[in-house]
Structure formats: C-alpha cells, structure tokens
Asks: 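Got a structure for you, written out below as structure tokens; questions coming shortly.
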Amino acid sequence: MTLKVYNSLSGEKEIFKTLEDKKVKIYSCGPTVYDYFHIGNARAFMVPDIIKRYLTYKGYDVLHVMNFTDIDDKMINRANEEGISVQELANRFITAFFEDIERLNIRKADIYPKATEHIDDMIEMVNRLVEDGFAYESNGDVYFRVSKFSEYGKLSKKNLDDLVAGARVEVSDKKENPLDFVLWKASKDGEPSWESPWGAGRPGWHIECSAMSKRYLGEEFDIHTGGVDLTFPHHENEIAQSEACCDHKVVNYWLHNGYINIDGEKMSKSLGNFFTTREILNKYPAEVVRFFLISNHYRSPINFSDQELDNSAKSLNKLENTVNKIDSLLALEVVAGDLSGAELLSVYQEKKEKLIEAMDDDFNTALAIGVLHELAKEVNRFVNNPTFELTAEVKVSLEKIKGLFDNFAKDVLGILVEKKEGNNDLVDPLISLLLDVREKSRQNKNYQLADEIRDRLDELGIEVKDTPQGAEWSLK
RNA sequence: GGCGGCAUAGCCAAGUGGUAAGGCAGAGGACUGCAAAUCCUUUAUUCCCCAGUUCAAAUCUGGGUGCCGCCUCCA
C-alpha cells in the first residue's frame, strides 16, 4: 500500500516519498483577502485539507503553511473604494476566511503568514537575485531576468519562444524582455510602501510565496498546492525565483486542483459568474457543500449547480442514515443467539483495504465515497435482514465498522459530523419516555396519538423511525 | 498561433491491458398500522468516431471530431 500522487511537474503519478521520514511539509497558495472567497477558492482550500487529513491517518506529521496575500493592486483598490486602510480590509476578510473554512470543516493550517509581515524576507531574496544576475533594477522596479533561468517553463511545459509568440504579455520599456516579471515595484503616491535598496516600493505578487515558504518550510519541502490557473505564471515564476536563489530543487510535488465551472464555463471573479462560499453556505448545509466539493477527483473540473448540490445532499444522507442505524444498534444490549459476526467482519476488512487503496491513489475521494456506499449497503442488508439479531459477536463487528466510518467519513473525508452534541443528560431520557408512551399507544392501536407524537417531534427536528428493534430517533 | 487536458447510462461519476464501482433520477416488487428507512430486480453487450498493436483495449498507438483550460489578475 503505497501512496501515489500526481505531480504536475512530471505529468505523472509518482510514489510519494517525504524528505524527512514520516514528516510532510506543505505550502498552499492562500487567498488575497480583499473579499469573501468564492466556491472555487473553497475547493483549493479543501484539497490540502484532504491531503493533510489522509497523511495524518497514515501516521505522518504534517506542517502546513498557507499565506494571506494582503498587499497588491486589488487590495489597494478595494481599500480605497471602502475608504479604509489596506490593513483594515485584510483583517476584515481574514476573519471572514476563518469563519467560512470552519463551517466547511476545513482544518486550519499551522501557520498563516501575511505578505506584509515578510517584506524583509522578500527584499533579501530579491537582493540575492540581483547580485547573482537573475534580476535587474529598472527605474525603481526590479524584474526577474527570465532568459537567465534556463529551466523556465518546466512546470507549465512552455518554452520562451511559444510565450513570445503568444505575446499577450504586457510590453514595458522598463523590461529587457516582455516575459520578465516584476519582483519589486516602485510605489506610486499614496500607496502603502516599504523602504528598499531600490527606493520606496512594494513586492510583486510571486515573490511572497517564495520568501514565505522558505522562511517557514526551508529551502526544500514536500508538497505545494494551488489551483490549476496558478500553474502559469505564478508557480512557474515561483520556481524560477526560489531555484535561482538556492540553486536546487525546492518543491518535490506540485499538486493542482481543477476548476469549478458554472454551466461548463470557468468560474472567476473577472467573468463575474461566481458565487461566494458564504452565499452557498447560507443556502445549503455546510457538510453538503463539503461533500459536493470532494465528490469528484480533485484534478477533474466540477460543474456547480443546484441539481448537483441536491444530489450530494441525498447521497450524503444515505450514509448518515446507515451510521445513525449503527449508532442506535450499538446503544442496545446484546441478545443471546448464534448469529455470527464473521460476514460483517470480512466486509469490514475488504472495505478498509479498498478505502486505503482509493486514497493512496492520488487522494481519490470520489472512489472512497463509492466504497463507503458499498459498505453502507452491506451493513443495511445485514441489519435489515429478518433473521438479524444483535448478538455479542455481531456487535463487535459493528463496532469495527463504526470505526471505519469514523476513520474515513469523519476524520479523513470530514463529511460526517457529530450532530448530537447539544444533548444533555435530560434530553435522552425525555425522548425515550415519549417514545415509550408512543410505543404503548401503538400496541393499543391508538395510531392517532402515536402519529401525533412522531409529527411533533419531527417539528422539533427529531426524526423517529420504527424498526424491529424498537423506535430509533436522530436529530435532523 | 503555441501548449495542456477531457470525451464512460437520462444526469453526476470511478475505472490506464483481463471482460463496465458508486450516487441521483426512472420502472417493478418486498417490508410497514401509516410513515421513514432499507432491501431485491431492472436501466451501458459497451465506454465520441475510424484504423492499428494484442490471446485480450474504455484502458496502449496513429488519425479524426467535439468540448474545456492556460499563454493576462485569477483557486
């Protein structure tokens, strides 16, 4: 059982090998904090979350860094529109960011460095590049000299001639070559700026990730994640800067997630056809949104629509029903009998192996969800059989299967959440009392009262199901 | 124009050489006081088209068609 990951750099699935034994260092491109993030961003945040959760399951120690871009043109423009400082703007949307990812059950990164707090690191890096001839100053700007870095284009599989032929690059008198990109830009009046060897200015976009990943993860680390659109130019430039600086490979595995499309078209802020994650979370339960985001392989594009979300809700609900059923059974006393737990035990073994195999194959969450459904189906078939009885042996097997749901549905995929947390010592006995009364009415064929109890509990958000083992209830 | 990716049932979707997972929707049946939940049967002789390699191809090769993305801020 070996983990394989698709590396954008090689274009192939590779066996995953860490630099340090059982330790993984991950850097992810985070948001520019000038607005609420959209559902496409949510996917980009979900990918490292899944990777971290699974690597943790496999026994790795994970160190995860995600940056906040809190200074760039968009930040400055938006702050001016709102009449607040860039920093106030950043603080507002960093707070919102944490609120939204928490609802999505995305676990926090270990470190969230801000660009504005690492200007010195960036200046130092740019300085080094200038000294080594990889960069040049021009009227207060500093540009990266692309022609000097012979491997430029290795990530996005482009060569310099093709790029020039495309030539939608901004032409500037300040640049030696249209493909050169800015590392440091001289500030205009009224813009936030920092002192540097080249005068007052602010960093270019790409340099922050090179500087901050180096600061927190070192000159070499395992995984770098981001959306496919960052492949070029952002990550290509990042490679150029970082590798020119330290003269060796910096990132071992580049992982890129696919887009979220709207009606088959890319969703983006510039096209205007986007939804903020916040809007969507106000319309759908967060676990449904999460389920939707991981119901395809992370590299495939996914199409966003109400129909897809409804589909996800139903698919997830099916798994929840089975887990609730198992919980109800585990709360009961065992009965004497000779029903063997062996069949369930072999189902447990088989599905566990399939789940690991799925996640080992480049984090195939879509396949893993399919396996969870297979598992649910086997359990349902078994416990709904007329000859079913909860023997001690059966209960032990069910506990193991519950553990599998806990490991994969709850911990690794994060799609099942505890819903009964609000209960206290009073609620359970009270509901049991009501259900006992209802059961007596049913035995007396007083179905009107029985149904009224069920309906009124339903209004309170408590769903009641009658089963051969008695009534079961769960919070909706 | 250059580069990259994708094409699997009504819909979503997994599957990279061994005879098509899973979910949703549909049809029929079982269980139930009624519900809910669940189960069973059924829905792709076939994976965009053509040719080739192979005992064997959805999977590999060549050609074609269609769609998408990147080359510009973007997850």
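Since this is a predicted model, take the numbers as computed values, not measurements. Letters go in sequence order (proteins before strands), and every chain restarts at 1.
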Asks: How about A:Tyr216 and A:Tyr27: are their ring centres within less than 6.0 Å of each other?
Replies: no
Asks: Applying a 3.5 Å limit to both distances, which nucleotide forms a Watson-Crick or G-U wobble pair with B:rA27?
Replies: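 Paired with B:rU41.
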Asks: For each nucleotide in nucleotides 31-38 of chain B, reading 5' to 3', give B when a protein heavy atom comes within less than 4.0 Å of its base, S when such contact involves only the sugar-phosphate, and - otherwise.
Replies: --BBBBSS
Asks: Please report whether the ring centroid of A:Tyr143 lies less than 6.0 Å from that of A:Phe181.
Replies: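 They do not qualify: ring centres at least 6.0 Å apart.
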Asks: Give the nucleotide from the list B:rG22, B:rC70, B:rA13 with an atom nearest to the side chain of A:Glu374.
Replies: B:rG22
Asks: Regarding A:Lys157, tell me which of base, sugar-phosphate or nothing describes its non-hydrogen contacts under 4.0 Å with the strands shown.
Replies: sugar-phosphate
Asks: Mind checking whether A:Phe37 and A:Phe45 have ring centres under 6.0 Å apart?
Replies: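 A:Phe37 vs A:Phe45: aromatic centres under 6.0 Å.
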Asks: Is B:rA56 paired to anything, Watson-Crick or G-U wobble with both distances less than 3.5 Å, and if yes, which nucleotide?
Replies: none
Asks: Using the C1' atoms only, state how far B:rU16 lies from B:rA57, rounded to an integer number of Å.
Replies: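 That atom pair is separated by 10 Å.
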Asks: Is the number of heavy atoms from other residues, nucleotides or ligands under 6.0 Å of A:Glu343 CD greater than 12?
Replies: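 At most 12 heavy atoms, drawn from other residues, nucleotides or ligands, come within 6.0 Å of this atom.
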Asks: Between A:Arg442 and A:Asp451, is there a salt bridge with N-O shorter than 4.0 Å?
Replies: no
Asks: For B:rC3, which nucleotide is its Watson-Crick or G-U wobble mate, given both distances must be under 3.5 Å?
Replies: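 Here B:rC3 is engaged in a pair, and the nucleotide opposite it is B:rG69.
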Asks: From CG of A:Asn7 over to C1' of B:rG5, roughly how many Å is that when rounded to an integer?
Replies: 16 Å
Asks: Counting heavy atoms not belonging to A:Lys395, are there more than 12 under 6.0 Å from its NZ?
Replies: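 Atom NZ in A:Lys395 is crowded, with more than 12 foreign heavy atoms closer than 6.0 Å.
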Asks: Tell which nucleotide pairs with B:rC48, taking only Watson-Crick or G-U wobble pairs whose two distances are both under 3.5 angstrom.
Replies: B:rG64
Asks: What's touching nucleotides 15-20 of chain B from the protein side, N or O pairs under 3.5 Å?
Replies:
| residue | atom | partner | partner atom | Å |
| --- | --- | --- | --- | --- |
| B:rG15 | OP1 | A:Asn364 | ND2 | 2.7 |

Asks: Quick check on RNA chain B: between A:His38 and A:Tyr6, whose nearest nucleotide comes earlier from the 5' end?
Replies: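 Between the two, 5'-proximity favours A:Tyr6.
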Asks: B:rA75 C1' sits how many Å from A:Asn296 CG, rounded?
Replies: 16 Å
Asks: With a non-hydrogen cut-off below 4.0 angstrom, is A:Thr32 in contact with a base, only sugar-phosphate, or nothing?
Replies: nothing
Asks: So does A:Ser8 get a side-chain nitrogen or oxygen closer than 4.0 Å to the phosphate oxygens (OP1/OP2) of B:rG5?
Replies: no
Asks: Classify the side chain of A:Lys158 and the base of B:rC70 as holding, or not holding, a donor-acceptor pair under 3.5 Å.
Replies: yes
Asks: Would you mind reading off the distance between A:Asp229 atom CG and B:rG5 atom P, rounded to a whole angstrom?
Replies: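 Computing the A:Asp229:CG to B:rG5:P distance gives 17 Å.
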Asks: At 4.0 Å (heavy atoms only), tell me whether A:Gly226 reaches a base, stays on the sugar-phosphate, or touches nothing.
Replies: sugar-phosphate
Asks: Between A:Phe291 (CZ) and B:rC12 (C1'), how many Å, whole number?
Replies: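 So the two atoms are 11 Å apart, to the nearest Å.
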Asks: It should be established whether A:Tyr259 places a side-chain nitrogen or oxygen under 4.0 Å from OP1 or OP2 of nucleotide B:rG5.
Replies: no
Asks: Please confirm whether A:Tyr284 and A:Phe292 have ring centers closer than 6.0 angstrom.
Replies: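 So the answer is no for these two rings.
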Asks: Using atom P in both nucleotides, what's the gap between B:rC47 and B:rA9 to the nearest angstrom?
Replies: 10 Å
Asks: Contact class for A:Leu372 (heavy atom, under 4.0 Å): base, sugar-phosphate, or nothing?
Replies: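 Nothing, no heavy atom under 4.0 Å.
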Asks: When rounded to the nearest Å, what value does the distance between C1' atoms of B:rG22 and B:rU8 take?
Replies: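 After rounding to an integer number of Å, I get 14 Å for this pair.
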Asks: Could you check whether A:Asn257 gets within reach of a base, just the sugar-phosphate, or nothing at all, counting any heavy atom under 4.0 Å?
Replies: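 Base: the residue A:Asn257, judged by heavy atoms under 4.0 Å, touches a nucleobase.
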Asks: Counting only Watson-Crick pairs (N1-N3 plus N6-O4 or O6-N4) and G-U wobbles (N1-O2, O6-N3), all under 3.5 Å, who is the partner of B:rA9?
Replies: none
Asks: Classify A:Gln307 by what it touches in the nucleic acid, base, sugar-phosphate, or nothing, heavy-atom distance under 4.0 Å.
Replies: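 Sugar-phosphate, no base atom in range.
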Asks: Report yes if a side-chain nitrogen or oxygen of A:Lys314 is closer than 4.0 Å to either non-bridging phosphate oxygen (OP1 or OP2) of B:rA25; otherwise report no.
Replies: yes
Asks: Could you tell me how far apart A:Ile302 (CD1) and B:rA14 (P) are, to the nearest whole angstrom?
Replies: 10 Å
Asks: Find out whether the Lys NZ or Arg CZ of A:Arg299 is both under 6.0 angstrom from the six-membered ring centre of A:Tyr6 and within 45° of the ring's axis.
Replies: yes
Asks: Over how many whole Å does the gap from A:Asn303 atom CG to B:rA7 atom P extend?
Replies: 15 Å
Asks: Can you tell me the distance, in whole Å, between the CG atom of A:Asp310 and the C1' atom of B:rG23?
Replies: 13 Å
Asks: Is any NZ, NE, NH1 or NH2 atom of the basic residue among A:Lys377 and A:Glu374 found under 4.0 Å from an Asp or Glu carboxylate oxygen of the other?
Replies: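 No.
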Asks: When the distance from CG of A:Leu375 to P of B:rG23 is rounded to whole Å, what number comes out?
Replies: 12 Å
Asks: Assert yes or no for the condition that the ring centre distance of A:Tyr34 to A:Phe93 is strictly below 6.0 Å.
Replies: no
Asks: Quantified in whole Å, what is the C1' atom distance between nucleotide B:rU43 and nucleotide B:rG4?
Replies: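 Between the two C1' atoms, the distance is 37 Å.
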Asks: Give the C-alpha distance, both sets of side-chain angles, the deciding distance and a yes or no for salt bridge (Lys or Arg N to Asp or Glu O under 4.0 Å) between A:Arg78 and A:Glu81.
Replies: CA-CA 5 Å; A:Arg78 181 62 61 92; A:Glu81 285 168 25; 3.6 Å; yes
Asks: B:rU46 and B:rC50: how far apart are their P atoms, nearest whole angstrom?
Replies: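 These two P atoms come out 12 Å apart once rounded.
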Asks: Write down the distance separating the C1' atoms in B:rC48 and B:rA7, rounded off to the nearest Å.
Replies: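 Their C1' atoms lie roughly 6 Å apart.
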Asks: NA contact type, A:Gly258, heavy-atom cut-off 4.0 Å: base, sugar-phosphate, or nothing?
Replies: base
Asks: Mind checking whether A:His235 and A:His256 have ring centres under 6.0 Å apart?
Replies: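 Yes.
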Asks: Could you give the distance separating B:rU59 and B:rU19 at their C1' atoms, to the nearest angstrom?
Replies: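 B:rU19 and B:rU59 have their C1' atoms separated by 12 Å.
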Asks: Applying the Watson-Crick and G-U wobble criteria at under 3.5 Å, what pairs with B:rA75? Answer none if nothing qualifies.
Replies: none
Asks: Distance check, C1' atoms only: B:rC70 and B:rC24, in whole angstrom units.
Replies: 33 Å
Asks: Check for me whether A:Lys108 meets the cation-pi criterion with A:Phe98, that is, NZ or CZ under 6.0 Å from the six-membered ring centre and within 45 degrees of the ring axis.
Replies: yes
